[in-house]
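Structure first, then comments.
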2 protein chains.
Amino acid sequence: MSLDRQQKRTTIYDLAELAGTSASAVSAVLNGNWKKRRISKQLAEKITRIAEEQGYALNMQASLLRREKSHIIGMIVPKYDNRYFGSIVELFETMARDKGLFPLITCTRRDPALEIEAARTMLSYQVDCVIATGATDPDRITELCAAAGVRTINLDLPGKLAPSVISDNFAGARELTRRILASCQQRFGAMEPLMFVGGRGGDHNTMERLRGFRQAHADHGIDLDDDRVIACGYAPEKAQNALQERAASGLPFSRGMFVNSTITLEGVLRWVRLAGPVSEQEFALGCFDYDPLVDLLGDNIEMVRQDVPAMLTRMFELIGQGNFEPRVSEIPPVLR
Amino acid sequence: MSLDRQQKRTTIYDLAELAGTSASAVSAVLNGNWKKRRISKQLAEKITRIAEEQGYALNMQASLLRREKSHIIGMIVPKYDNRYFGSIVELFETMARDKGLFPLITCTRRDPALEIEAARTMLSYQVDCVIATGATDPDRITELCAAAGVRTINLDLPGKLAPSVISDNFAGARELTRRILASCQQRFGAMEPLMFVGGRGGDHNTMERLRGFRQAHADHGIDLDDDRVIACGYAPEKAQNALQERAASGLPFSRGMFVNSTITLEGVLRWVRLAGPVSEQEFALGCFDYDPLVDLLGDNIEMVRQDVPAMLTRMFELIGQGNFEPRVSEIPPVLR
DNA sequence: AAATCTTGCTTCATCGATTGAGCAAGTGCG
DNA sequence: CGCACTTGCTCAATCGATGAAGCAAGATTT
């Protein structure tokens with residue numbers, strides 16, 4: 001790796017020399033508390049000018065080493081490349097910056113080992129706080145951080161040891177299911193039990209969504225066999241294969257499907273395309289997650305949009321209040 | 001902000017005391033060069049054990065302050081929430097980590113001021129190298145970093161002062177245009193000049209894609225009026241409004257459209273839905289960018305997928321070779 | 001005129017990890 | 001036995017920014 005620095009960086013000592021003053025004065029001026037330190041306006045202006053001329057950039061590492069709080073806030077995300085996590089990350093950055101915090105984001109591709117590794121790295125970088133988003137084992141992260149005196153908040157998936165901010169999966173899934181059933185009624189002339197595709201049986205969100213899914217069926221007095229639930233994970237290929245197998249198995253198949261995320265939807269649609277009966281026109285689909293392009297192109301696809309701004313607002317509220325009790329905040333999703 | 005640390009963090013001095021040795025030995029053991037520093041295996045093992053027991057985490061700030069290279073590699077991206085940049089960021093993180101570099105990513109939401117601010121912040125964090133992705137003013141970033149002795153590479157959009165890795169926009173656009181024209185021929189029985197929607201007239205990629213767009217028309221001997229080009233920016237609302245106005249203007253309108261990104265496609269589809277003639281079935285669309293869900297749902301939408309893995313591979317090659325000549329590497333996109 | 005206060009700086013220790021220099025004890029060789 | 005060499009460590013300076021403590025010169029009070 002040829003990443004060798006060209007010249008030595010300008011430091012406050014260089015500036016002090018150029019300004020004929022001390023490093024301490026330069027530091028005071030550049031970090032804004034020169035009034036408190038009784039530096040004259042003239043000297044302050046002179047130093048500021050010279051710093052600009054020299055293109056001085058603070059050495060954060062040195063600065064952070066000295067300060068007690070780093071104002072760095074870490075976020076661990078499973079994936080970047082879907083709209084849900086993409087918008088979480090983008091808004092998180094913006095909000096963190098607005099609050100004077102420096103956002104440090106790391107993506108773990110749903111790899112539990114990388115998750116722990118990422119948390120450890122964040123601690124090394126002296127983060128003040130870690131947000132564990134959609135983590136497989138949020139409590140492990142909380143423990144690790146707690147050992148270093150760093151607080152954590154869980155986002156998207158809840159944990160037992162730190163506060164969690166998640167969607168109201170039950171209510172959202174119940175309403176989404178209701179809509180898919182209504183769409184079946186309208187388009188096929190009758191309601192039939194739906195299938196549930198994607199997610200992991202063990203994860204909290206999937207369990208809650210399943211509860212809403214079941215409740216909506218019960219609301220309409222529709223019997224639901226357990227074998228209509230295909231919690232095959234989130235990856236597209238897994239959903240595609242699972243549907244393939246299911247279709248081949250001879251078990252009853254539904255035209256209405258509750259799909260657990262846009263990622264999974266990719267697999268479902270691929271199956272419909274390649275191996276499925278005819279076209280997606282013959283299905284009534286619903287997706288727990290939002291993607292604007294699907295919304296525009298998928299005529300028969302209902303979507304639930306998780307309320308990312310509300311979730312992040314709540315999260316920063318908790319931080320602001322210094323509230324780190326392990327309570328769960330459920331944010332209602334936006335239905336379209 | 002209540003982000004107060006709970007207890008003091010464990011340092012090498014604490015570990016030294018516990019192990020009955022010196023901080024120097026602890027440091028040598030923990031950063032792996034204990035053999036070079038002639039520390040005995042016993043002591044090394046003892047220190048390692050104690051460090052683990054105490055949940056010790058290195059203080060990166062202190063470590064980086066002392067070292068010459070930080071091994072931090074910065075990336076500036078305009079947006080997270082679309083598949084193209086999402087996959088760039090995700091793969092960049094993975095590849096950087098594999099090469100022993102620490103990825104530091106920042107999103108500027110296409111705000112030129114934030115771009116400069118982000119570059120400055122990266123310098124403060126002592127990055128060894130900055131990747132400016134889709135930057136509005138990459139040369140400004142290069143200058144700023146050069147003043148601090150930090151090299152830069154441009155990705156997606158080229159600059160004049162640093163090496164650039166971009167898609168072969170001309171060839172990609174020419175082929176995409178050819179396909180849209182063929183689709184027009186097949187579906188409407190005749191080729192007609194297409195419209196070009198989205199992008200900024202001034203930006204390199206848009207200019208090159210326009211060149212390919214024009215060339216493909218010329219290849220088929222189709223006359224193309226300049227007023228079929230609507231470079232209204234990338235944002236969905238802008239595209240939607242521009243099409244609205246265009247339709248109202250009475251100028252000739254095309255059923256075939258070259259759309260400059262998936263983001264813009266969102267606006268185009270919205271226009272089709274809300275104000276457009278009937279449905280997207282009556283259009284032949286092509287998009288310079290890839291989204292798997294559009295690929296599955298958009299029956300008449302051709303897509304060009306920029307070859308993100310190849311682009312990043314090339315980028316890391318340049319870094320590895322220490323090659324910082326301002327040359328442009330054009331990576332052929334993948335056509336589907 | 002002496003005592004006190006204010007202004008505008010400078011000095012120096014400190015944060016935690018790293019590393020060149022150095023030192024003491026042990027080993028090997030003639 | 002004396003000298004060189006090796007082994008296994010410790011010491012102390014250093015990276016750059018920060019801020020408490022201190023100090024000198026001038027202003028103000030008694």
Side-chain angles (χ1 to χ4, degrees), chain A residues 5 7-47 51 54 56-72 121 123-128 148-149, chain B residues 5 7-47 51 54-72 123-128 148-149:
Chain A
R5 202 101 10 84
Q7 67 255 43
K8 229 180 123 286
R9 311 272 290 253
T10 310
T11 71
I12 51 169
Y13 296 93
D14 303 328
L15 297 181
E17 182 133 26
L18 285 167
T21 179
S22 71
S24 172
V26 173
S27 168
V29 169
L30 295 182
N31 68 27
N33 50 15
W34 53 278
K35 280 207 158 146
K36 201 166 48 186
R37 305 270 316 263
R38 296 188 311 218
I39 306 288
S40 67
K41 199 162 196 169
Q42 293 103 281
L43 184 56
E45 277 162 6
K46 183 176 179 190
I47 288 174
Q54 299 294 314
Y56 170 79
L58 173 71
N59 183 327
M60 260 311 176
Q61 259 73 47
S63 176
L64 290 178
L65 180 56
R66 197 68 226 294
R67 301 197 312 226
E68 31 18 308
K69 281 164 70 176
S70 69
H71 297 283
I72 300 179
T121 307
L123 292 178
S124 280
Y125 278 90
Q126 308 299 110
V127 293
D128 283 339
Chain B
R5 202 111 352 93
Q7 66 256 40
K8 224 178 124 290
R9 310 273 291 254
T10 309
T11 71
I12 51 169
Y13 297 93
D14 303 329
L15 297 182
E17 183 133 27
L18 285 168
T21 181
S22 70
S24 169
V26 174
S27 168
V29 169
L30 296 182
N31 65 29
N33 52 13
W34 53 279
K35 280 206 160 149
K36 199 166 50 184
R37 305 253 326 171
R38 295 187 312 217
I39 306 289
S40 67
K41 199 162 195 171
Q42 292 104 283
L43 184 54
E45 275 161 7
K46 183 177 181 187
I47 289 174
Q54 299 295 314
Y56 169 80
L58 173 71
N59 183 327
M60 263 309 180
Q61 262 74 46
S63 176
L64 290 180
L65 180 56
R66 196 65 227 294
R67 299 196 313 224
E68 31 16 312
K69 282 165 71 176
S70 69
H71 298 284
I72 300 178
L123 291 180
S124 279
Y125 278 90
Q126 309 298 109
V127 292
D128 282 340

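Residue numbers begin at 1 in each chain, while the letters A, B, ... track the order of the sequences.
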Classify Ser24(B) by what it touches in the nucleic acid, base, sugar-phosphate, or nothing, heavy-atom distance under 4.0 Å.
base
Using a 4.0 Å heavy-atom cut-off, does Leu58(A) contact any base of the nucleic acid, only the sugar-phosphate backbone, or nothing at all?
sugar-phosphate
5' precedence on DNA chain C between Ala25(A) and Tyr13(A) (nearest-nucleotide basis):
Ala25(A)
Nearest whole angstrom, please: distance from the [atom2] of [N] to the [atom1] of [X].
X	N	atom1	atom2	result
Leu65(B)	dA17(D)	CG	P	9 Å
Glu68(B)	dT18(C)	CD	C1'	10 Å
Leu15(A)	dT10(C)	CG	P	14 Å
Ile12(A)	dC12(C)	CD1	C1'	13 Å
Lys69(B)	dT18(C)	NZ	P	16 Å
Met60(B)	dA17(C)	CE	P	11 Å
His71(B)	dT18(C)	NE2	C1'	13 Å
Arg67(A)	dG16(C)	CZ	C1'	16 Å

Counting side-chain heavy atoms from C-beta on, which of [options] comes nearest to [X]?
X	options	value
Ser27(B)	dT10(C), dT19(C), dG16(D)	dT19(C)
Asn31(A)	dG19(D), dA17(C), dG16(D)	dG19(D)
Thr11(B)	dT18(C), dG16(C), dA17(D)	dG16(C)

Quick one: does any side-chain atom of Lys69(B) pair with a main-chain N or O of Asp128(B) as donor and acceptor, under 3.5 Å?
no
Are the side chain of Ser70(B) and the backbone N or O of Leu64(B) linked by a donor-acceptor pair below 3.5 Å?
no
Close approaches to DNA chain C from residues 33-44 of chain A, in residue order (heavy atom, under 4.0 Å)
Arg37(A), Arg38(A), Ile39(A), Ser40(A), Leu43(A)
For Val29(B) and Lys46(B), what are the C-alpha separation, side-chain angles and deciding distance, and is it a side chain to side chain contact (heavy atoms under 4.5 Å, CB included)?
CA-CA 10 Å; Val29(B) 169; Lys46(B) 183 177 181 187; over 6 Å; no
For Gln54(A), is the CD atom crowded, meaning more than 12 foreign heavy atoms sit under 6.0 Å from it?
yes
Measuring only between side-chain heavy atoms, which start at C-beta, is Ser24(B) closer than 4.5 Å to Arg37(B)?
yes
Quick one, Asn59(A) and Thr11(A) - any side-chain contact, counting heavy atoms below 4.5 Å?
no
Does Tyr125(B) put a side-chain nitrogen or oxygen below 4.0 Å from OP1 or OP2 of dG16(D)?
no
One pair to check against side chain to side chain contact (heavy atoms under 4.5 Å, CB included): Tyr56(B) and Ile47(B). What are the steps and the verdict?
CA-CA 11 Å; Tyr56(B) 169 80; Ile47(B) 289 174; over 6 Å; no
